[in-house]
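To start, the structure itself, in structure tokens.
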Amino acid sequence: MLLHLGTRKGYLALERSKRDDWRIVRTAFLGEPVSQLLPDPRSRRLYAALNLGHFGVKLHASEDGGASFTELSAPAYPKVADASAGAPSVDLVWCLEGVGTDPGSLLAGTIPGGLFRSNDGGASWRLNEALWNEPTRERWFGGGYPEPGIHSILSSPDGGRLVVGISCGGVWISEDGGASWQVRTEGMFAEYMPPDRRHEPAIQDPHRLSRCAADPNRIWCQHHNGFFRSDDGGRTWVSMTPEPSVFGFAVAAHPNDPDTAWSVPLVKDECRVPVDGKMVVARTRDGGASWEAVGRGLPEEHSFALVYRHGLEAHPDAGVLAMATTTGALWVSEDEGDSWHCVTTDLPPVYTLRF
């Protein structure tokens, strides 16, 4: 079993030889921020997106599981006719997913809020104009970053149905492969807005979307000021109350049980640390009707750990969870969250991890 990590100081791959025995077996891009990864089961390719600041966003692919990489074309906005108006630039590749069964078909979500598609394995990219030109875009705004961004992409097996999460711009659904879009946030609310705008769809801040592979209609959403569940593929949402807090960034759906999900609660927006200094994972096994704080083996006091949106992952079929923090710790659970094994506390801040 391999676990791929994108960190502030490079790419790492860890391999498990036996229970609770994880070891770093590969590194790449040392010293460079790796913002997103995609180990693509359709092609056995590994994609890595980098954010090199002054030198821009880069995209690389590996054909040998991360032993070596080749640079590809990175998503970029089309040039504008009026150069004086200024063209947007891709500041970050925040999400990278395969779409459909064709191994060459990829989707990338970026800051500032662009959705890009490649049909040739990343050799070229095209901006989804329908979503980019959506009239409500003028009301989107940044959630932590200066500009809005797409951090979650869910697609149907044939790629015809897409669901994307935008901070701060709501949840958008396309039933025709991206040709047209509808915002669907019925049931969500934004406490950071004036009362008369708290239900406005295009200013909602979903922090992360995660879907049960066995039941694609069951989608979980960690929102900026709440936690929500959808039973109809993202069309409507029901508010949940995880313990000990509704605030957080990460969420993971159980791949086989639609009633089970996990989140990593924090105090609140203004205090992004574990509640009472005790790091726990919130878990539901009954569709959100009840929650329990699990975390045997996690720090029980003086914890300042933050888990980013892509820092919690459930293995597709082995019942294993992995969680990594901005304080350089990597934790693995092999009993669905009841207990956790600390693999290391010596990593750089972790942006993303993928099995």
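Index from 1, following the sequence. Every heavy atom of this structure was used, including side-chain atoms; hydrogens, water molecules and symmetry mates were not. Owing to the predicted nature of the structure, the values given are computational and were not obtained by experimental measurement.
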Do the non-hydrogen side-chain atoms of Asp91 and Val57 ever get within less than 4.5 Å of each other?
-> no

Any Val332 side-chain heavy atom under 4.5 Å of Trp22 side chain = yes

Pair His341-Glu334, side-chain donor/acceptor within less than 3.5 Å = no

Search all heavy atoms of Ser118 against all heavy atoms of Ser124 and return the closest pair with its distance.
-> OG-O, 2.8 Å

Stepwise, does the side-chain contact (heavy atoms from CB on, under 4.5 Å) test hold for Val93 with Leu59?
-> CA-CA 9 Å; Val93 174; Leu59 184 67; 5.8 Å; no

Pair Ser230, Arg184: side-chain N/O donor-acceptor within cut-off below 3.5 Å | no

Between the side chains of His4 and Tyr11, is a donor N or O closer than 3.5 angstrom to an acceptor N or O?
-> yes

Roughly how far apart are Ile173 CD1 and Trp181 CH2, rounded to 0.5 Å?
-> 9.5 Å

How far apart are the closest heavy atoms of Met188 and Cys221, and which atoms are they?
-> CE-SG, 3.7 Å

Give a yes-or-no answer on whether the side chains of Gln36 and Thr352 include a donor-acceptor pair shorter than 3.5 Å.
-> yes

Taking side chain as C-beta onward, heavy atoms only, is Arg23 less than 4.5 Å from Glu15?
-> no

Looking only at heavy atoms, which two atoms of Pro274 and Leu266 are closest? And how far apart?
-> N-CD2, 3.9 Å

May I ask you to test the Met279-Val307 pair for a side-chain heavy-atom distance under 4.5 Å?
-> yes

With Asp259, the salt bridge (charged side-chain N to carboxylate O under 4.0 Å, His left out) member among Arg283, Arg229, Arg218 = Arg218

With a 4.5 Å heavy-atom cut-off, do Leu330 and Leu353 have their side chains touching?
-> yes

Taking the six-membered ring for Trp, are Trp94 and His151 parallel (under 30°), tilted (30 to 60°) or perpendicular (over 60°)?
-> perpendicular

Per the ring pair (Phe, Tyr, Trp, His ring centres under 6.0 Å) rule, which among Trp291, Trp237, Phe249, Phe247 passes with Phe227?
-> Trp291

Close side-chain approach of Thr136 to Trp172, heavy-atom, < 4.5 Å | yes

Please report the closest heavy-atom contact between Gly121 and Leu72, naming both atoms and the distance.
-> O-CD1, 3.5 Å

Hey, does Pro242 have a side-chain heavy atom less than 4.5 Å from the side chain of Pro265?
-> no

Parallel, tilted or perpendicular: which describes the rings of His223 and Tyr192, with under 30° parallel and over 60° perpendicular?
-> parallel

Decide yes or no for Arg309 and Ser167: does some side-chain heavy atom of the first lie under 4.5 Å from some side-chain heavy atom of the second?
-> yes

Residue pair Ala108 / Leu96: nearest heavy atoms and the distance that separates them | CB-CD1, 3.9 Å

Considering all heavy atoms, the nearest Leu106-Leu38 contact | CD2-CD2, 3.9 Å

